[in-house]
Enquirer: 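Provided herewith is a single structure, encoded as structure tokens, for subsequent inquiry.
As the structure is a computational prediction, the values presented were derived from the model and not from experiment.
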Amino acid sequence: MAIVIRVIFAIFDIILIFILALSYDLTRPVNFTDTIFIPKGSSTKIISQLSNQNLNATRFDPRILSFIGTPHHGYLDIGKEPLTKIDFFYKLTVAKPVIINITLIPGETTVIFLKNLASKENLNFVEIEEDFNKTAPFYEGFLVPNTYSFAKGMSGSEIVKNLVHESEKFHQNLAKKYFGKYEKDKWIEILSAASVIQKEAANISEMPIVSSVIQNRLKRNMKLQMDGTLNYGEYSHMKITPERIKNDISKFNTYIYEGLPPTPVCTVSKEAIEAAINPIKSDYLYFMRDKRSGKHVFTKTINEHINQINIQRKIK
């Protein structure tokens, strides 16, 4: 009987020592504050990763973490307050992900946007462009200008998937609003006109007027002769010079080829799309930017247009 009692007390001592050691370990401070990256995976994987970042991990930590809750993954904001290990584990289950905002401005080209995205978020441009080509129904003009929010640490493929999903929903809803259904080829043609409007109009109020100039010239089989169509792809921010107009033999050169560009030349706003669908009625065939106001002067005849050119040349 005495032996049994001694065994029971020995077991009790071991359990007590274990509880005290565990309590001591869980109440020790950890050197984690601000933002921390947590990989996607099991609690064991997370603890293993954290042990490489100077967490004094034990074999029991994965079970304790799982018991507390489901850890979030990605970059988490755990605050600046000093934390014990148990507090730290709790933070991993409730901390909010760090949010990044990605803005695509109207008129930007897809390749420039994807390169900027890759650079800003340390992603591989070739890989995210491949993901985009696999999932988007067409390349240029598909992405919708907007500010998108993502959890920091999302993979490039996840970001692209969300961009494509949101853009596709936008195009289908807008097409159904005006035409009752979404037809890809018809919609791309509208976006091509909208992209020229986006590049050429000085502001939103000018868009329906620029749209009318485009339609009037097309009806008369006149070349569009608009500089903005040459700001496609990598040339998004390049100044259009007489040499460029002369030497660029692509189908985007509306000084050489009749009709709209073969595809959109940039991403477009909702306002530009609506202007392409609903141009105002006018007899305008030309427009010239006024150096004083930054807006355009619209004219009906070549003589009026030449007169405006001469006026603008005199303005310093």
Side-chain angles (χ1 to χ4, degrees), residues 104-119 125 129 132-133 138-143 145 188-203 206-207 209-218 220-269 272-273 275-276 284-299 302-316:
L104 171 58
I105 61 172
E108 187 56 276
T109 60
T110 299
V111 65
I112 297 297
F113 171 70
L114 293 179
K115 284 187 174 182
N116 289 340
L117 170 62
S119 176
F125 164 70
E129 188 178 45
F132 181 72
N133 284 326
F138 52 95
Y139 190 87
E140 192 59 85
F142 175 72
L143 290 178
I188 291 177
E189 184 176 354
I190 290 170
L191 292 178
S192 295
S195 70
V196 182
I197 296 168
Q198 189 76 62
K199 288 288 190 180
E200 295 290 338
N203 52 45
E206 281 192 3
M207 287 181 173
I209 312 174
V210 173
S211 182
S212 74
V213 174
I214 292 172
Q215 295 305 317
N216 290 341
R217 292 181 76 90
L218 291 176
R220 290 166 175 76
N221 294 320
M222 297 172 65
K223 294 184 179 72
L224 294 184
Q225 296 182 317
M226 295 184 181
D227 290 2
T229 62
L230 288 172
N231 286 125
Y232 61 89
E234 297 280 3
Y235 303 108
S236 178
H237 302 285
M238 183 175 289
K239 182 178 180 180
I240 306 305
T241 62
E243 290 75 21
R244 176 76 194 289
I245 292 172
K246 179 180 178 181
N247 296 324
D248 189 314
I249 59 173
S250 72
K251 294 289 185 178
F252 293 99
N253 191 340
T254 53
Y255 286 90
I256 298 176
Y257 297 97
E258 294 181 358
L260 290 167
T263 67
V265 298
C266 64
T267 60
V268 295
S269 63
I273 297 172
Y284 295 133
L285 292 172
Y286 308 91
F287 54 89
M288 181 76 183
R289 187 179 293 271
D290 186 336
K291 293 179 181 178
R292 294 161 297 191
S293 67
K295 299 179 181 180
H296 288 102
V297 178
F298 294 87
T299 51
I302 187 62
N303 289 334
E304 290 176 326
H305 182 59
I306 292 173
N307 183 52
Q308 280 301 318
I309 292 175
N310 292 331
I311 291 173
Q312 295 302 316
R313 283 175 176 170
K314 295 177 182 178
I315 299 175
K316 296 183 179 179

Enquirer: Is there side-chain contact between Tyr232 and Asn253, with heavy atoms separated by less than 4.5 Å?
Expert: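 No, their side chains stay 4.5 Å or more apart.
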Enquirer: As an exercise, state the distance from CG of Asn307 to CD of Gln312, rounded to the nearest 0.5 Å.
Expert: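 One finds 10.5 Å between CG of Asn307 and CD of Gln312.
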Enquirer: So does Ile249 have more than 12 non-hydrogen atoms from other groups sitting under 6.0 Å from CD1?
Expert: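 No.
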Enquirer: Apply side chain to side chain donor-acceptor pair (under 3.5 Å) to residues Glu140 and Thr263 and explain how you reach the verdict.
Expert: CA-CA 7 Å; Glu140 192 59 85; Thr263 67; over 6 Å; no
Enquirer: If I compare all heavy atoms of Ser236 with all of Gly107, which pair ends up nearest, and what's the gap?
Expert: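 It is OG-O, 4.2 Å.
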Enquirer: For residues Thr109 and Ile112, report the shortest heavy-atom separation together with the two atoms involved.
Expert: OG1-CG1, 3.1 Å
Enquirer: Answer yes or no: is there a side-chain heavy-atom contact under 4.5 Å between His296 and Phe298?
Expert: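 Yes. Closest side-chain heavy atoms under 4.5 Å.
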Enquirer: Are any of the side-chain heavy atoms of Phe138 and Leu191 separated by less than 4.5 Å?
Expert: yes
Enquirer: Has the side chain of Glu108 got a donor or acceptor atom that lies under 3.5 Å from a matching backbone atom of Cys266?
Expert: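 Not at all, since once roles are kept as given, no pair shorter than 3.5 Å links the two residues.
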Enquirer: Identify, with sequence neighbours excluded, every residue that meets ring-ring contact (aromatic ring centres under 6.0 Å, His included) alongside Phe132.
Expert: Tyr139
Enquirer: Mind listing the side-chain donor-acceptor pairs of residues 221-228 below 3.5 Å, one per line with the distance, residues two or more places apart or on another chain?
Expert:
residue, atom, partner, partner atom, Å
Gln225, OE1, Arg217, NH2, 3.3
Asp227, OD1, Tyr255, OH, 2.4

Enquirer: Begin with the C-alpha distance, continue with both residues' side-chain angles, and end with the deciding distance and a verdict on side-chain contact (heavy atoms from CB on, under 4.5 Å) for Glu129 and Val111.
Expert: CA-CA 8 Å; Glu129 188 178 45; Val111 65; 4.3 Å; yes
Enquirer: Which distance, rounded to the nearest 0.5 Å, do you find between the CD1 of Ile256 and the CD1 of Ile245?
Expert: 9.5 Å
Enquirer: Got Phe287 and Val213 here, is their nearest side-chain heavy-atom distance under 4.5 Å?
Expert: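 Side chain of Phe287 against side chain of Val213, heavy atoms only: contact under 4.5 Å found.
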Enquirer: Is Glu206 reaching over with its side chain to a backbone N or O of Ala202, donor-acceptor style, under 3.5 angstrom?
Expert: yes
Enquirer: Report yes or no: does Arg289 contribute a side-chain atom to a donor-acceptor pair with the main-chain N or O of Gly294 at less than 3.5 Å?
Expert: yes
Enquirer: Ignoring hydrogens and angles, tell me if any N or O in the side chain of Asn231 forms a donor-acceptor pair with the backbone of Lys199 under 3.5 Å.
Expert: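 Not at all, since once roles are kept as given, no pair shorter than 3.5 Å links the two residues.
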Enquirer: I want to check something: taking the side chain as every heavy atom from C-beta on, are Val196 and Pro261 in contact at a cut-off of under 4.5 Å?
Expert: yes
Enquirer: With rounding to the nearest 0.5 angstrom, report the CG to CG distance, Leu143 to Leu104.
Expert: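 That separation rounds to 6.0 Å.
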Enquirer: Give, for atom OG1 of Thr267 and atom CD1 of Ile105, the distance between the pair rounded to the nearest 0.5 Å.
Expert: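 Between Thr267 OG1 and Ile105 CD1, I get 7.5 Å after rounding to 0.5 Å.
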Enquirer: Taking the side chain as every heavy atom from C-beta outward, state whether Ile188 and Pro264 have any atom pair closer than 4.5 Å.
Expert: yes
Enquirer: Minimum heavy-atom separation for Ala276 and Ile190, please, with both atom names.
Expert: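 So the two residues come closest at CB-O, 3.8 Å.
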Enquirer: Do any N or O atoms from the side chain of Ser119 and from the backbone of Asn116 form a donor-acceptor pair under 3.5 angstrom?
Expert: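 No; judged by distance alone, with no hydrogens or angles, the pair does not exist.
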Enquirer: Considering residues, nucleotides and ligands other than Glu189, do more than 12 of their heavy atoms fall under 6.0 Å from its CD?
Expert: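 Atom CD in Glu189 is not packed in, count stays at 12 or less.
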Enquirer: With no hydrogens and no angle check, just 3.5 Å: does a side-chain donor-acceptor pair link Gln198 and Ser269?
Expert: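 Side-chain D/A pair, Gln198 to Ser269: present.
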Enquirer: Could you tell me whether the side chain of Thr229 and the main chain of Phe252 form a donor-acceptor pair under 3.5 Å?
Expert: yes
Enquirer: Take atom NZ in Lys291; do more than 12 heavy atoms of anything else shown fall under 6.0 Å from it?
Expert: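 Correct, the count exceeds 12.
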Enquirer: Is it true that Glu234 and Lys115 make a salt bridge, defined as a side-chain N closer than 4.0 Å to a carboxylate O?
Expert: yes
Enquirer: Do the side-chain N and O atoms of Tyr257 and Ser250 include a donor-acceptor pair separated by under 3.5 angstrom?
Expert: no
Enquirer: Would you give the length of the straight line joining atom CD1 of Ile273 to atom OG of Ser211, rounded to the nearest 0.5 angstrom?
Expert: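 Atom-to-atom, Ile273:CD1 and Ser211:OG are 12.0 Å apart.
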Enquirer: At what distance, to the nearest 0.5 angstrom, does OG1 of Thr254 lie from CD1 of Ile214?
Expert: 9.0 Å
Enquirer: Using modelled atom types and a 3.5 Å cut-off, is there a donor and acceptor pairing between side-chain atoms of Asn216 and backbone atoms of Tyr284?
Expert: yes
Enquirer: For Glu304, does its backbone N or O pair with a side-chain atom of Thr299 as donor and acceptor, under 3.5 Å?
Expert: no
Enquirer: Keeping the roles fixed (side chain from Asn247, backbone from Glu243), state whether a donor-acceptor pair exists under 3.5 Å.
Expert: yes
Enquirer: With a cut-off of 6.0 Å (strictly less than), are more than 12 heavy atoms of other residues, nucleotides or ligands near OH of Tyr235?
Expert: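 Counting other residues, nucleotides and ligands, OH of Tyr235 stays at 12 neighbours or fewer.
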Enquirer: Verify, without hydrogens or angle tests, whether Ser195 (side chain) and Val265 (backbone) share a donor-acceptor contact under 3.5 angstrom.
Expert: yes
